[in-house]
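Step one of this worksheet: look at the structure below.
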Amino acid sequence: MKSKGMLLLLVALVSLALYSKFPARTGTAAKVGAQAPAFALPALDGQTYTSEQFRGKPLIVNFWASWCGPCKAEAPALVRLYERYQGRVELVAVNITAKDRIESVRAFVSEHGLPFPVLLDEHAETAQAYRIVPIPTTYLLDSSGLIAYKMTGAADYAVLEKKVTALLQR
């Protein structure tokens with residue numbers, strides 16, 4: 001029980017450190033029902049991806065870091081979801097590179113076999129716009145870019161699939 005309390009304290013401190021280093025900007029909040037903040041980010045594959053290019057299909061935007069234990073735990077669910085819904089739903093993993101190392105990002109992607117675009121938020125500006133505290137945090141956007149769901153913590157496959165199915169029926 002003592003170690004669980006220490007883990008919760010550690011998560012709270014890391015979240016506080018991220019929040020204080022990258023305070024939320026004023027303006028439209030990234031909350032359910034709002035238009036998702038736009039982004040244009042470089043990716044590990046050398047391309048730049050924009051939120052606009054995904055319009056017309058639901059989009060899953062997952063914020064993570066390579067050192068994050070819950071991020072490691074949810075990676076298989078994201079891979080499985082992507083493989084099942086590829087072509088009908090888009091998925092991007094946004095690494096908060098400002099708090100990570102590119103070598104660690106590459107190792108994580110290789111270890112977990114991430115088949116979807118891995119975007120690099122080098123200055124945490126996109127994380128700030130989406131008000132990411134804690135990680136992982138996953139946003140599910142509808143085909144017009146509105147935020148349909150926000151999930152904090154490691155995403156469970158069954159819950160993700162239920163939300164994706166609902167998005168596809170809109």
When you group the ILVMFWY residues by side-chain heavy-atom contacts below 4.5 Å and let the links chain together, are [Y] and [X] in the same group?
X    : Y    : answer
V105 : Y82  : yes
Y139 : I60  : no
V89  : V92  : no
Y149 : V133 : no
F54  : V94  : yes

Minimum-distance pair of heavy atoms, taken over all atoms of [X] and [Y]:
X    : Y   : answer
S66  : N95 : N-ND2, 3.9 Å
L91  : L78 : CD1-O, 3.9 Å
A154 : P70 : CB-O, 3.5 Å
P115 : V79 : CD-CG2, 3.8 Å
A148 : V32 : O-CG1, 3.5 Å
L119 : A43 : CD2-CB, 3.7 Å

Between [Y] and [X], is there a side-chain heavy-atom distance shorter than 4.5 Å?
X    : Y    : result
P58  : V164 : no
E122 : P42  : yes
F39  : D121 : no

> For R55, which residues count as a side-chain contact (heavy atoms from CB on, under 4.5 Å) partner, sequence neighbours excluded?
Replying inline: Q35, E52
>> Could you work out, with side-chain contact (heavy atoms from CB on, under 4.5 Å) as the rule, every residue matching E111, not counting sequence neighbours?
In response: none
>> Between W64 and V118, does the side-chain contact (heavy atoms from CB on, under 4.5 Å) criterion hold? Intermediate values first, please.
In response: CA-CA 10 Å; W64 66 284; V118 175; 3.8 Å; yes
> Stepwise, does the side-chain contact (heavy atoms from CB on, under 4.5 Å) test hold for L120 with L41?
Replying inline: CA-CA 6 Å; L120 306 172; L41 294 169; over 6 Å; no
[atom1]/[X] to [atom2]/[Y] distance, rounded to the nearest 0.5 angstrom?
X    : Y    : atom1 : atom2 : result
D156 : K162 : CG    : NZ    : 11.5 Å
K163 : T138 : NZ    : OG1   : 11.0 Å
E125 : Q128 : CD    : CD    : 7.5 Å
F108 : H112 : CZ    : NE2   : 4.0 Å

>> If you apply the rule side-chain contact (heavy atoms from CB on, under 4.5 Å), what do you find for L160 with E74, and how did you get there?
In response: CA-CA 11 Å; L160 274 171; E74 82 173 348; 5.8 Å; no
Quick one: does [X]'s side chain have a donor or acceptor within less than 3.5 Å of a partner on [Y]'s backbone?
X    : Y    : value
S110 : A107 : no
E90  : L59  : no
W67  : K99  : yes
K150 : T137 : no
T165 : E161 : yes

> Going through the checks in order, is the side-chain contact (heavy atoms from CB on, under 4.5 Å) test met by L140 and M151?
Replying inline: CA-CA 8 Å; L140 289 88; M151 301 172 63; 3.9 Å; yes
> Parallel, tilted or perpendicular: which fits the ring planes of Y130 and F63, with parallel below 30° and perpendicular above 60°?
Replying inline: tilted
